[in-house]
Every structure is written in structure tokens, then in C-alpha cells.
Amino acid sequence: MYISAPRRGATTVLACTVLAVVSGCGAGDGGGEPAAGGKIAGVTVTRDAALHEALPVRIKKAGTVRVATDVPYPPFAMFVTEGKSELAGLDYDLGQALGAKLGVRFAFTPTKFDGIVPALQAGKFDAAMSALTDNKERQKVVDFVDYSRSGSGILVAESNPSKISTLDDICGRKVGVQAATNQYKLLKAHQATCRASGRKVADIQTFPKDSDAQLALRSGKVIAEVVTKPAAGWSAKTADGGKAFDLAEDPKAPAGYGASPNGIAVSRQLPQLTDAIQRALQALIDDGTLTKICDKYGVASIAVKEATKNAAVD
């Protein structure tokens, strides 16, 4: 369930439901937009000739950046239709926008998560876009261009009847969380804050799966669920057509609690590609495209304002 420090670092992973999502781009093989450009998340992205020229010669000749991704992992990568290969998701759409800006095709290939970095090292892929946490251990073998910061968020019932906006609001109340995750550790650690403020500690209800915690929230057995912020935003946007849940927003933690950077991992053998992607991403930040892509998946607040390189916080 936890995608920051590191992604899927907890003993359980995000319970994934394949959702029929129209990505607005992408070929049937999960490939990408034409090199000339395309429309992503309602935005028309145009090719930048100077950025195209900055790409490594091999990438320019091939016209393709080979990208590894772990599917499904909503809202970052999903199959549009179960049993089909067409992809959607935040990472996928961002890849199409970067490809359109650079004038090449970002061709995504589903790859097991634990095999992504080794595959980059072996030269099987040029880059990876899979909600990868930028950390110093991974920086030993790959470079990162960071596009988002995310941590833990709070999912509440539609219209937020319990008026939850921060972790402090959970003190003395029943809150759901998936067992053996960093979100559970976060809640346990916050109990001391509840005590220090003279409040009762939260009544933490643990569940084996995220879907079980959501069911408890639906039925009113808990007043909130603590989960990764991207997962919370996606559930708020999609469950029952967006009418089941809301995402509580703490203005002091816009990217979530304990937020850390997520990045596009690029082979250390391709420094020119890293630099070109960083410049292209900054262009997509400056014109608002990145925020619109993140907003499409219910998590506009995780978009960064600067395309940093290797910005790990650990």
C-alpha cells in the first residue's frame, strides 16, 4: 500500500482493481503517441525541436524510449480493459506527454516491479515510470528525474460528514488502515501527539486489504481511512463515479504525510536522455500539463513545481 520510502515497501501492496479508464492517448500495444505530438489530459503537447536534438543518437534513430512499468498499480498504471494491453494511468499519460514534447515514442512494457531496476541496468529498457521512489540506494545504479511528491493521505466519506482535515482530527475516533503498512506505523506514531494535546488516542481498526478498509468506511464503522495519497485521491475520484468518498486535504501536507519524491528512473548509461527528460518535464510543469495530468487522476497536489534530479530525502 505504501509507495514512498520505498514504493511497495510495506508487506502488502496496493489492492488493484482494473478500471475501465479512457486515457485519451495510447496505442493498443501500450505504446505511445506519434512523435509529432498529441493531446494528453485535454492538453495538446507540441514537439520541441531543440529538445529532440538533445536526445542520445540511438534514441533519435530508434524514435523510441523503451519504458518499463508495473501494471496494474492505480492510479499510476492500469489496463484500460482487463485482458487487453492498452494502458492508462498517471505515469502512462506523463510518458505520452514527454514523448510528444521530445518528438519520440515512449513505449511502455509491463514488467514485474522488483525486476525493473535490474532490467534498466541490463540495458533492456532506457527508462522506468512506475511510481518509483527516488532514494539514495536506487541512485547507485539509476538516475531520477522527479515529477511528484507523495505520502499518506486521508480518505473520508462523501461530503466529509465528520469534518476531517488533518491527522489531529482523528484523535479519539475510529480510523481504518491496512495492516502491516507504513500508514499503520504513521497512525501508531501519531497517538503520542493525541495524548500530548490532551485528546484520546485514535481507535485504529486494521484490515487485511485496502478494499476491506474502504468497506468499513462505506458502512460507517470508521470515519476515515489512512492510505497513500495517490490511492486516496484515485478512490475519491472513481469509486461509485466519484460519489462514495472524498479526499481530506491538510494544507500543511499538500503531498501527504511523510511525502518523498517519485521519479522517472533513467539508465546511468544515458545521461543525455536524463537531461532531455528533465528539460521536457520542466516545460510540462511550466505550461501546467503535469498538474492537469495529476488532476485527471485525483492527485493534482502531488505534482512538483520544479523538475529536480536525484532529489532523494533519505
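- Counting non-hydrogen atoms of neighbouring residues, nucleotides and ligands closer than 6.0 angstrom, the CD atom of Gln269 reaches no more than 12 such neighbours.
- Between Ile285 and Glu306 there is no side-chain heavy-atom pair separated by less than 4.5 Å.
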### Derivation of the side-chain contact (heavy atoms from CB on, under 4.5 Å) call for Val45 and Gln96
CA-CA 9 Å; Val45 180; Gln96 307 321 302; over 6 Å; no
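- For the pair Ile223 and Val156, the minimum side-chain heavy-atom distance is 4.5 Å or more.
- The heavy-atom pair separating Gly298 from Leu247 by the smallest distance is O-CD2, 4.1 Å.
- With hydrogens and angles disregarded, a donor-acceptor distance shorter than 3.5 Å links the side chain of Arg138 to the backbone of Thr133.
- In this structure, CZ in Phe144 is found 5.5 Å from CG in Leu132, a value given to the nearest 0.5 Å.
- The shortest distance between side-chain heavy atoms of Ile170 and His190 does not fall below 4.5 Å.
- For the atom pair CG of Asp212 and CD of Glu225, the computed distance is 10.0 Å after rounding to the nearest 0.5 Å.
- At least one donor-acceptor pair under 3.5 Å links the side chain of Arg173 to the backbone N or O of Ser162.
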### Task
Kindly indicate, with the supporting measurements, whether the criterion side-chain hydrogen bond (donor to acceptor under 3.5 Å, both in side chains) is fulfilled by Asp287 and Thr289.
CA-CA 6 Å; Asp287 68 13; Thr289 299; 2.7 Å; yes
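- One side chain, Ser148 or Asn262, offers a donor N or O that lies under 3.5 Å from an acceptor on the other.
- Side chains of Thr111 and Asp70 form no contact here, defined as non-hydrogen atoms less than 4.5 Å apart.
- You'll find the side chain of Val313 reaches within 4.5 Å of the side chain of Arg149, heavy atoms only.
- Between Ser219 and Ala216 the shortest heavy-atom distance is OG-O, 3.1 Å.
- Crowding of Lys124 atom NZ: a count of heavy atoms from other residues, nucleotides or ligands under 6.0 Å not exceeding 12.
- A donor-acceptor contact closer than 3.5 angstrom links the side chains of Asp169 and Ser165.
- In this structure, Asp134 contributes its side chain and Ala311 its backbone to a donor-acceptor pair below 3.5 Å.
- Each of Leu187, Val226, Leu186 was scored for a side chain to side chain contact (heavy atoms under 4.5 Å, CB included) with Tyr257, with one residue passing: Leu186.
- With hydrogens and angles ignored, the 3.5 Å screen pairs no side-chain donor or acceptor of Asn135 with any backbone N or O of Ala312.
- Residues Gln214 and Val227 have side chains not in contact (no heavy-atom distance under 4.5 Å, counting atoms from C-beta outward).
- Judged by distance alone, with hydrogens and angles left aside, the side-chain atoms of Asp143 form no donor-acceptor pair with the main-chain N or O of Arg268 at under 3.5 Å.
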#### Entry: side-chain contact (heavy atoms from CB on, under 4.5 Å) evaluation trace for Leu90 with Tyr147
CA-CA 11 Å; Leu90 192 160; Tyr147 61 94; 4.1 Å; yes
#### Entry: Criterion side-chain contact (heavy atoms from CB on, under 4.5 Å) on Asp126 and Ser267, from CA distance to verdict
CA-CA 6 Å; Asp126 306 311; Ser267 168; 5.9 Å; no
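- The two residues Leu98 and Leu284 make their nearest non-hydrogen contact at CD2-CD1, 3.7 Å.
- Between Lys296 atom NZ and Leu94 atom CG the span is 11.5 Å, to the nearest 0.5 Å.
- Within the 4.5 Å cutoff, the side chain of Ile204 has heavy atoms near those of the Gln191 side chain.
- With Tyr297 as reference, Asp93 is the one residue of Asp93, Asp91, Thr238 to meet the side-chain hydrogen bond (donor to acceptor under 3.5 Å, both in side chains) rule.
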### Message
Show, in sequence, the C-alpha distance, side-chain angles and deciding distance for Thr228 and Gln183, and conclude whether the side-chain contact (heavy atoms from CB on, under 4.5 Å) test is met.
### Response
CA-CA 7 Å; Thr228 65; Gln183 284 70 46; 3.8 Å; yes
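- With rounding to the nearest 0.5 angstrom, the NZ atom of Lys101 is 14.0 Å from the NE2 atom of His52.
- Residues Ser301 and Lys229 bring a donor and an acceptor atom of their side chains to less than 3.5 Å of each other.
- Put simply, CG on Asp146 and OG1 on Thr308 are 4.0 Å apart, with the number rounded to the nearest 0.5 Å.
- Side-chain contact between Ile164 and Val175 is absent, with no heavy atoms from C-beta onward closer than 4.5 Å.
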